[in-house]
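Quick note on labels: first sequence line is chain A, next is B, and so on, each numbered from 1.
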Amino acid sequence: MIDRISLFYGRFLERLALFGCAILMAMMMLIVVDVALRNLAVRGLPTGLAWSTEISELMLYLITMCVAPWLLRQGQHIRVDIMLQAIPRRLAWHLEWVGDVIGFACCIVIAWFGTQAAWSSYLSGAVNIKTLVTPEWWALAPLPFIFVLLGIEMIFRMIRLQRGERGPRNDAVSAA
Amino acid sequence: MSAWGIAAWLMLGGSTVLLFIGMPVALTFIAINIIGAWLYMGGEPGLMQLARSSVSSVTAFSLTPIPLFVLMGEILFHTGLALKVIEGVERLIKHVPGRLAVVAVVAGTVFSAISGSTIATTAMLGSLMLPVMLARGYHPTIAAGPIMAIGAVDMLIPPSALTVLLGSLSGISISKLLIGGVVPGVILSIAFVAWIVIRVSISPQLAPIDQDDSAQHRGWARWSLFFGYVLPTLSIFGVVVGALAAGWATPTECAALGAFATMLLALCYRALTVDAVLKALKGTAGISGMILFIILGATTFAQILSFSGASNGLVQFITGQGLSTNMIVVGMMLMLIFLGIFVDQVSMMMITLPIFMPIVQALGIDPIWFGVMFLICMQLGLLLPPHGLLLMTMRGVAPPSVTMGHIFMAVVPYVAMSLILLAAVFWIPAIATWLPQLIG
Amino acid sequence: QEVTLRLVSAFPENGIYVQRLLPWIQKVNTEGKGVLQINFLGGPKAIPTFEAGNAVKTGVVDMAMNTGAFYTNVMPEADFLKLTQIPVAEQRKNGAFDAINKVWNEKGNTQYLARMVENQPFHIYTNKKIDKPDLTGQKIRISPVYRDFFQALNASVVTTPPGEVYTALERGVVDGYGWPIGGIFDLNWNEKTKFRVDPGFYDAEVSLTMNLPAYKKLTDAQRNYLQKQLLALEAQNIFWTQYGKEETARQEKAGIQTIKFDAAATKAFYDKAYEVGWAGAAKQSPEVAARFKALFSK
Ligand code: NA
Ligand code: NA
């Protein structure tokens, strides 16, 4: 039962990550189009997209959000495991538990206060005034949503830890 | 203990402990941020501010080159263009001791100018060239060493995702930092080639003279791949620099042009399949998503550290010790090298920059000079046993006959050369600052 | 009793605004022993620039040195302050100051304490000579403060971080930018600037704001002491007039030529700036815009 839910959840996270990939592609195109319009001055088209900068930086934030839970499932959020590899495996396993519990708690806290921040911004009617005028809560809302997803994945992660062998995980330790 | 002392211990000490019990780096920072925001930013409003600041930390146009630079390398890799480039380079280099190792360094330098991701470059060269070298009887150390070493140089030669991140976090001009990495990167490439040639001349058994199946390529056949693939690929670099020089785009926007040009080139070779694009995008999302998520935690970490008074306290403490500027710079570099043994490049920046940059400003140190040395230290960290990222990447792509011992041994001379370069930049700052001053 | 107020700056610490602020803080702290102290926490490295306004609203900090364009997410009216055409001393007399505070209190949970920068008009700096107020065909780097105005002048607008403006000018990615009369030497933009368009328009506004509950919690003695120091700070604003003159002279010495229009075009240019500015304000908050316009204008 749990395995089935976990499987479906994993697929959902992958879809979300793919959506993030689509945003990445769109971000690239948006900047390219802005540069092209600004320099080519095509008749009948605007000379540049004044809002391209603010939309691309919003896209960058959304990419980060969409990909984060999927990376947690993949064990791709890098960490330092040099000590876990050096100490007795059982002790390392217990430390994995400590880390997971703290991590889970963090997700709950950020999800809660992120929601509060977005909610109070919604109530006060705050808007971001740039070239485009957008409600501020649009930008604030994805964060708590993603941390809820991260929190759920943390639970699956702990279940996997409990079921697995009594030792440290094989998560990513570096990247760039 | 003073208030700032307690804050410093709590935040720097706390994050170190969490880091070493193996929590993901991003969550480590977030955990400490929560405690710091609660204590120093006034409880619940502070935690709401934390959420807001986290959002604004990655909603930054200056960070957009990070995924775009990584994407360039991933496209090169997944469309098979990389393979053609290696072949093209291979046909040109003949009758050199350790020929294939030299080819790896030269091809790697070409990749460096297109790829903004050290991992993509190392994985590309490792999976494509290492099996060939081993099959031809190259010793694992002479085969694996140059690949890892030139993978690390990718970080110095623009485009480079880590350089963008360093510039963005430190406030040093990103474009000047990118240009500042060129000369040290090229110096290292040349030194690597020289080392391979000398080493193999002394011990020819390390790299048997191969049958040189490229000997059959004469005349046009020898050059066709160079003109057909290597030059066009290098022209992407030209597009990026050209767009900047011609005033079409800002340095930040150039990253998007570069990624687009790479895709366009792959399209011209009919190599841009949906599958390849998808793989490249996913690979990019993995690497850059991870970096950006750490930024989300770490930017806010630096803010709370500053907010609590710990940053100012530490900076005044360090600059008040009566040490000379050079001694402080050496101390900072030693600390970076030490950190590089244990932690990844992003965390290195996150942990040190909030303290280092105010010191750099207070002492009037040339930020470009400092930034380039910082880059070289990070580059070293990629290669330092036991934890270097590229050692792990190599482990991942190498056949089982290559042991971890081989990999550690292989990297030693290149680590030494990087250390010598670091010392050289320290004594002769012009290595780092001449080109940025020239081009600006 | 003594209270300590925590202050952040939305501007970088090495800029002139913070440099003007620090001596004042020192004076407040020396003379205010036992009454009121200010603890300067830092600039954007402590709180992101665009979060300083919200931090004041929620009480994460007590005070901020900020400009309206940076906290329009707290209330769109914040950016209206650039449209003042009369000195702050007069604003305190004609009711403008109270009108501001009414809005700031209600919408921003914020007390508007003092305006510490005045007489710093914005100018168009460009490398392409113009002979009438028209930026057609020019790529101009903008900030939200004058985006509407520059677009109304047909400029194609580019957003880049301040750190990239030099390169953007050098390479011709942008032909020009908007900036106050002072400060273009800080980032060496003078080296890549040929012309400044006169007259200037709007007034760069930098003010001190305070969390309203924290302000109300002050004892009478503390509030009076703070008020005395704030008025002393505003009394020093004469500095900015002098600074503007010095910067103008410095620009001339650096070879930056002045572009001037004839009297009619000048008036049209200047009036258009405010017309566009107030039109944008009315779009955000019509009632307040109408109220402020009557009080802010000459
Ligand atoms: Na590179
Ligand atoms: Na790179």
*Considering heavy atoms only, which positions within residues 25-34 of chain C lie below 4.5 Å of chain B?*
none
*Could you tell me whether Trp369(B) atom CH2 has more than 12 heavy atoms of other residues or ligands within 6.0 Å of it?*
yes
*Any side-chain heavy-atom pair from Phe307(B) and Ile47(C) closer than 4.5 angstrom?*
yes
*When Pro354(B), Ala249(B), Gly309(B), Gly42(B) are compared by non-hydrogen pairs under 4.5 Å with chain C, the top option*: Ala249(B)
All N/O donor-acceptor pairs, side-chain side in residues 48-60 of chain C, below 3.5 Å, sequence neighbours left out:
residue	atom	partner	partner atom	Å
Thr49(C)	OG1	Ala10(C)	O	3.1
Glu51(C)	OE1	Gln49(B)	NE2	2.9
Glu51(C)	OE1	Arg52(B)	NE	2.8
Asn54(C)	ND2	Gln49(B)	OE1	3.3
Thr58(C)	OG1	Asn54(C)	O	3.0

*Considering only heavy atoms, which portion of Ser56(B) lies under 4.5 Å from any heavy atom of chain C: side chain, backbone, both, or neither?*
side chain
_Just checking Phe185(C): does its CZ atom have more than 12 heavy atoms from other residues, nucleotides or ligands closer to it than 6.0 angstrom?_
yes
_Selection residues 242-255 of chain B - residue pairs positive for salt bridge (charged side-chain N to carboxylate O under 4.0 Å, His left out), sequence neighbours left out_ = Arg38(A)-Glu253(B)
*Can you tell which part of Ala246(B) gets under 4.5 Å to a heavy atom of chain C, answering side chain, backbone, both or neither?*
backbone
*asked:* Let me confirm one number: the NZ-CE distance from Lys45(C) to Met357(B), rounded to the nearest 0.5 Å.
replied: 12.0 Å
_Taking CD in Gln19(C) as the centre, count heavy atoms belonging to other residues, nucleotides or ligands within less than 6.0 Å. Is the count above 12?_
yes
*Tell me, please, which residues at least two apart from Asp175(C) pass salt bridge (Lys or Arg N to Asp or Glu O under 4.0 Å).*
Lys128(C)
